[in-house]
Amino acid sequence: MKITHVSAECYPVAKVGGLADVVGSLPKYQNLMGYEAQVIMPFYNNNFVQNQNFSCVYEDELQLGEKKYLFKIMKLSGSKLGFELFLVDIPKLLFTDYVYSNEDSERFLGFQIAVLNWVSTLKKKPSIMHCHDHHTGLIPFMMTQCIKYDILKTISTVLTIHNAQYQGWFSHKKVHLIPAFNFNNVGLLDWDGSINPLAAAIKCAWKVTTVSPSYMQELILSANGLENLLHHESAKCVGVLNGIDTEVWNAEKDKYLLKSYKLSTVQSGKKEHKKYLCKQFKLDATKPLFIFIGRLVGEKGADLLPEVFKEVLKKGNCSILLLGSGHDNIENDLNQLKNQYKGNYNCYIGYNEKLAHIMYAGADFLLMPSRVEPCGLNQLYALRYGTIPVVRSIGGLKDTVIDISNKKEGVGIVHQKVEVKEIIDAIARAVNLYESQPVFKKVRKRGMQKNHSWEVSATSYINIYKSLIA
Ligand code: ADP
């Protein structure tokens, strides 16, 4: 079985968030299981591509309305990623140093057309085209509707929704950019008066998955306008919990860590990283260290953090370190707190992969007061690195973090609402837990022993593919 994953992100090639982590690890596990999985994504002008060798495996021209663009399919040479990687190079459309911008419809449409033009010419065609999020959402439509891709009609398509908030909407005025199809079926592209690539994929893909079972249920109630569509298509929708790459996220082998550690050496391993972080960021290492890592947006509950931190820091019984970037006003508010609470609070506004790894290793608690969390990977990394998650019960957080009130299975602290008071109360419960060190250590070890590797979920995907091919 040949599986082609199509995505805008893939770790370590280009990463903005969890999508990259999933697409950079799921195919690796599928190959280890004996299947042939590969990834195709845009060729961005970033550090990764500048430092690798590629060979051109296909060259052609694509048509986007009136305009024509030359493109190449570049294959990564001597890949150590655990899967074959193909990049679509469209110099005049896609060769940017960023992944996303405010106007992406033509970039990603061009990308998807190039992918299908190339796949149409392959002798050994994929058995499965696995599309990730709206950036690849027109592929299931084009494969079933566009005359020029008739040859691809029988290939099964899977859409995985990593985040339904973003749908890639564009105006019907641009419909001519899509290769010719029977216009009677234009409704397949439409949702609420716009061309909606995510909706089109939900309608046209053979199977739709979301990245956790709870998120699947939640989407039927709240999906940024797609609730009714998901309800209608629910028979072909299923939630499959994301796994994590246990080679990359392994405190025994992590190349970013100062010192390796494992379950039996967790105390000393974490202490060293906490000491380092507290020295670098001038924080008090004697207090429990809380961290937040992520996009500073409403979905993550980040807008409430400045107020939460102010209240918590007034008590002076913990240290807080934040790593993230996002809305300017949230960044400014978080930066301003630095002067007021020197010694107990600091933040790094930006993206820093190495620092993220050290923070998961050095922290006592990870905060995730998310409004929406399709799966969430941070809490899984935190658990594995012995950092206790403090999370809101939603989506994948609900599926992976059991509250410590369950004395046998609890691995974290769970609150129900995204409200300042509830988050502050959850932090207070965490500080209490820290004060009873024997219980704290027991909970921490229990979390580290949880198995969130890809083995189970990769098998679920394979079973889905098999059912489609059958
Ligand atoms: P998202 O909704 O952003 O995809 P996930 O929890 O699924 O959230 O995945 C987030 C991924 O991005 C994790 O690997 C996390 O460590 C990483 N990440 C998020 N923000 C930053 C940052 N500012 N610096 C480094 N890594 C980050």
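Each ligand, and each atom within it, is numbered from 1 in the order the structure gives.
- Between His132 and His130, the two ring planes are parallel [angle under 30°; tilted spans 30° to 60°].
- With hydrogens and angles ignored, the 3.5 Å screen pairs a side-chain donor or acceptor of Asp403 with a backbone N or O of Val414.
- With no hydrogens or angles considered, no side-chain donor-acceptor pair links Trp206 and Ser156 at under 3.5 Å.
- When every heavy atom of Ile330 is checked against every heavy atom of Leu296, the shortest pair comes out as CD1-O, 3.5 Å.
- Of all the atoms in ligand 1, the ones that sit under 4.0 Å from a non-hydrogen atom of Gly324 are 23 (N).
- Residue contact check: Asn352 has heavy atoms under 4.0 Å from atoms 24 (N), 25 (C) of ligand 1.
- When the heavy atoms of Tyr360, Phe292, Tyr351 are ranked by distance to atom 27 (C) of ligand 1, first place goes to Tyr351.
- Residue contacts with ligand 1 include Tyr381, since one of its heavy atoms falls under 4.0 Å from the ligand.
- Using bins of under 30°, 30° to 60° and over 60° for the plane-to-plane angle, the ring pair Tyr385/His357 lands in the perpendicular bin.
- At under 3.5 Å, not a single nitrogen or oxygen of Met368, backbone or side chain, sits near a nitrogen or oxygen of ligand 1.
- What sits closest to atom 4 (O) of ligand 1 on the protein, heavy atoms only, is Gly18 N, 2.6 Å.
- Ligand 1 lies less than 4.0 angstrom from a heavy atom belonging to Gly294.
- At least one heavy atom of Gly350 sits less than 4.0 Å from an atom of ligand 1.
- Proximity of Phe141 to Lys203: side-chain heavy atoms (C-beta onward) are nowhere separated by under 4.5 Å.
- Close approach of ligand 1 to Ala356 (heavy-atom distance below 4.0 Å) involves ligand atoms 25 (C), 26 (N).
- To the nearest 0.5 Å, atoms CD1 (Ile202) and NE2 (His232) are separated by 12.0 Å.
- Shortest contact from atom 5 (P) of ligand 1 to any protein heavy atom: Leu377 N, 3.8 Å.
- Residue Lys15 touches ligand 1 through its side chain alone, judged by heavy-atom distances below 4.0 Å.
- For Leu355, no heavy-atom contact with ligand 1 is shorter than 4.0 Å.
- Between Glu353 and ligand 1, no pair of N/O atoms sits closer than 3.5 Å.
- Checking Thr265 against Gln267 by side-chain atom types alone, no donor-acceptor pair falls below 3.5 Å.
- Distances shorter than 4.0 angstrom do not occur between any heavy atom of Tyr11 and any atom of ligand 1.
- Between Tyr261 and His273, the angle of the ring planes lies from 30° to 60°, which puts this pair in the tilted group.
- From the protein, the heavy atom lying nearest to atom 3 (O) of ligand 1 is Arg295 NE, 2.8 Å.
- In this structure, the protein non-hydrogen atom closest to atom 13 (C) of ligand 1 is Asn378 OD1, 3.3 Å.
- Ring pair Phe108/Tyr100 is tilted by interplanar angle, where 30° to 60° counts as tilted.
- Closest non-hydrogen pair, Ser370 versus Val418, comes out as O-CG2, 3.5 Å.
- Looking at Lys300 against ligand 1, only its side chain comes within 4.0 Å, counting heavy atoms.
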